[in-house]
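I have placed the structure first, in the form of structure tokens, so that the comments after it can refer back to it.
Atom set for the values below is all heavy atoms of this structure, side chains included, hydrogens, waters and symmetry mates excluded. When a ligand or atom number is given, it counts from 1 through the structure's own listing order.
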Amino acid sequence: MLKSCHEVHRLVAESYDRQLPWLTRFRVRLHLAACDACTNFKRNMNLLREAMRRIDR
Ligand SMILES: [Zn+2]
């Protein structure tokens, strides 16, 4: 299992820049299913990426 929310945050951020191994993605998903803090983090990341893409254009 993943060690900490900190690691999940790092992996979520990383997953936007490169494809993670399937096992890593699976573990992140498992963690997200059980952890509200990381679910919120991921949602905020999505919003941020979306906002940045709009600014870029
Ligand atoms: Zn977490």
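Looking at heavy atoms from C-beta onward, Arg10 lies in side-chain contact with Glu7 at the 4.5 angstrom threshold.
Angle SG(Cys5) to the Zn ion (ligand 1) to SG(Cys38): 110° [nearest 10 degrees]. Rounding to the nearest 10°, we obtain 110° for the angle at the Zn ion (ligand 1) between His31 NE2 and Cys35 SG.
Residue side and main chain included, His9 places no N/O/S atom under 2.8 Å of the Zn ion (ligand 1).
Hydrophobic clustering (ILVMFWY, side-chain heavy atoms < 4.5 Å, transitive): Leu30 and Leu23 are in one cluster.
Shortest non-hydrogen contact noted between Ala37 and His9 is O-NE2, 4.4 Å.
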Trace of the side-chain hydrogen bond (donor to acceptor under 3.5 Å, both in side chains) decision for Asn46 with Arg43: CA-CA 5 Å; Asn46 283 337; Arg43 191 182 306 137; over 6 Å; no
